[in-house]
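Have a look at the structure below, then the notes.
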Amino acid sequence: MSKLLAVGTVAFDAIETPFGKTDKILGGSGSYIGLAASQFGIETGVVSVVGADFLAADLEMMNAKGINTDGVEVDQNGKTFFWSGKYHNDMNSRDTLVTELNVLETFTPVVPEDFKDAPIVMLGNLHPLTQASVLEQMTKRPKLVVLDTMNFWMDIALNDLHAVLKKVDVITINDEEARQLSGEYSLVNAAEKIHKMGPKYVVIKKGEHGALLFNQGKMFFAPALPLAEVFDPTGAGDTFAGGFCGYLAKTEDISFENMKNAIIYGSNLASFCVEKFGTARMQELTAAEVSNRLQAFKDLTQFDIKLS
Ligand code: AMP
């Protein structure tokens, strides 16, 4: 069976959207990536850390989905990473209200033996030094290394981010962050500059406006499925990344052509993620729902134009 190793946060989130507010619920880049990848019937291992306050039931839920959590350390001396955010009325932008690193401050990731040879590694949103440490533990160079990050790490650990980017094949990043990282407003120019930092493939996520894939001069665009109601966008980016990597791991094909399909799969899964608060929708998602919506994606984007 194909293997995917993912590192990321397993967190508590408190979210406020125009539709309502939650107390602390399960969140984190590692949780969303794991849940998205679990749709592909591959072996997914998550490396992360949680505190003594974390709920055993949440780890059990992930295990029931087939996610291997042997690499999730439970640090009995600290509290779980906590993030709180509030969305604006358009749901396309949000303010981070709180980021409490807690157990992440002293976290040293340990990759389980079984995953040290994983062909695909997803370095989810986390401190770039933690991302680099995961790569250093691999027994051989993975076929594909994908990295996701955010402005938080650009603000406090830019040099470390540049160092790890040199070892990465694909970066997934949102449009605002691509502009911050590159200093370029045009996303085409931003991708060009980011290529020079290391990644041969640059995926720029544009929320409800879809995603762009750049590969040194080649370009592909996938729309996001227009939805009547977006309830909570939290985790959509991580779900996209988990779907992207999960599809590539399952098909064992990392060509540019296959990455186009991976982007569609990622966008498809992200469209479910936003339908309920937190991870709720991803926890209940069925294979039939996924495949029906893929058909909707196909119908949305297929046309038969005659070129003379
Ligand atoms: P997304 O909406 O895809 O950007 O991801 C939201 C998730 O990222 C939330 O569940 C948070 O727990 C997690 N998160 C927020 N800030 C950070 C951070 N600085 N590092 C890692 N994960 C974070």
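All ligand and atom numbering here is 1-based and tracks the order in the structure. Basis for what follows: all heavy atoms, side chains included, without hydrogens, waters or symmetry-related copies. Bear in mind that the values here come from a model prediction, so they are computed numbers and not experimental data.
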Tell me which protein heavy atom sits closest to atom 20 (N) of ligand 1, plus the residue, atom name and distance to 0.1 Å. Trp153 NE1, 3.1 Å
With atoms numbered from 1 as shown, which atoms in ligand 1 lie under 4.0 angstrom from a non-hydrogen atom of Gly235? 1 (P), 2 (O), 3 (O), 5 (O), 6 (C)
Any Arg94 heavy atom less than 4.0 Å to ligand 1: yes
Taking side chain as C-beta onward, heavy atoms only, is Leu5 less than 4.5 Å from Met122? no
Location of contacts on Ser31 toward ligand 1, heavy atoms closer than 4.0 Å: neither
For atom 14 (N) of ligand 1, what is the nearest protein heavy atom, given as residue, atom name and distance? Phe81 CE2, 3.9 Å
Counting from 1, what ligand 1 atoms have a heavy atom of Asp238 closer than 4.0 Å? 1 (P), 3 (O), 5 (O), 6 (C), 7 (C), 8 (O)
Under a 4.0 Å N-O cut-off, is there an ion pair linking Lys193 with Glu184? yes
What is the distance from atom OG1 of Thr9 to atom CG of Asn102, rounded to the nearest 0.5 Å? 12.0 Å
Per-atom filter on ligand 1: closer than 4.0 angstrom to a heavy atom of Tyr32 are 10 (O)
Is it the case that more than 12 heavy atoms not belonging to Glu275 sit under 6.0 Å from its CD atom? yes
Any nitrogen or oxygen of Gly27, side chain or backbone, less than 3.5 Å from one on ligand 1? no
Counting from 1, what ligand 1 atoms have a heavy atom of Ala11 closer than 4.0 Å? 12 (O)
Check each atom of ligand 1 against the heavy atoms of Phe152 and keep those under 4.0 Å away; list them by number with element. 19 (N)
Under a 4.0 Å N-O cut-off, is there an ion pair linking Glu257 with Lys260? yes
Check: Phe54 ring centre within less than 6.0 Å of Phe12 ring centre: yes
Are any of the side-chain nitrogens in Asp232 or Arg94 under 4.0 Å away from the carboxylate oxygens of its partner? no
Please check whether Thr234 reaches ligand 1 - meaning an N/O of the residue sits under 3.5 Å from an N/O of the ligand, judged on distance alone. no
Just wondering, are more than 12 heavy atoms of other shown residues or ligands nearer than 6.0 Å to NZ in Lys79? no
Any side-chain donor near an acceptor of the partner, Thr80 and Asp53, under 3.5 Å: yes
Does the structure place the NZ or CZ of Arg281 under 6.0 Å from the centre of the six-membered ring of Phe272, at an angle of no more than 45° from the ring's axis? no
So, taking the atom named CG in Asp160 and the one named CG in Leu129, what distance separates them when rounded to the nearest 0.5 Å? 3.5 Å
Between Thr99 and ligand 1, is there a nitrogen or oxygen pair with a distance under 3.5 Å? no
Show which atoms of ligand 1 fall inside a sub-4.0 Å distance from at least one heavy-atom site of Gly237. 3 (O)
Does an N or O from Met150, backbone or side chain, lie closer than 3.5 Å to an N or O of ligand 1? no
Return the closest protein heavy atom for atom 21 (C) of ligand 1 as residue, atom name and distance. Asn125 O, 2.9 Å
Counting heavy atoms only, which of Thr9, Val274, Val98, Asp13 comes nearest to atom 22 (N) of ligand 1? Thr9
Gly28 to ligand 1: N or O pair under 3.5 Å? yes
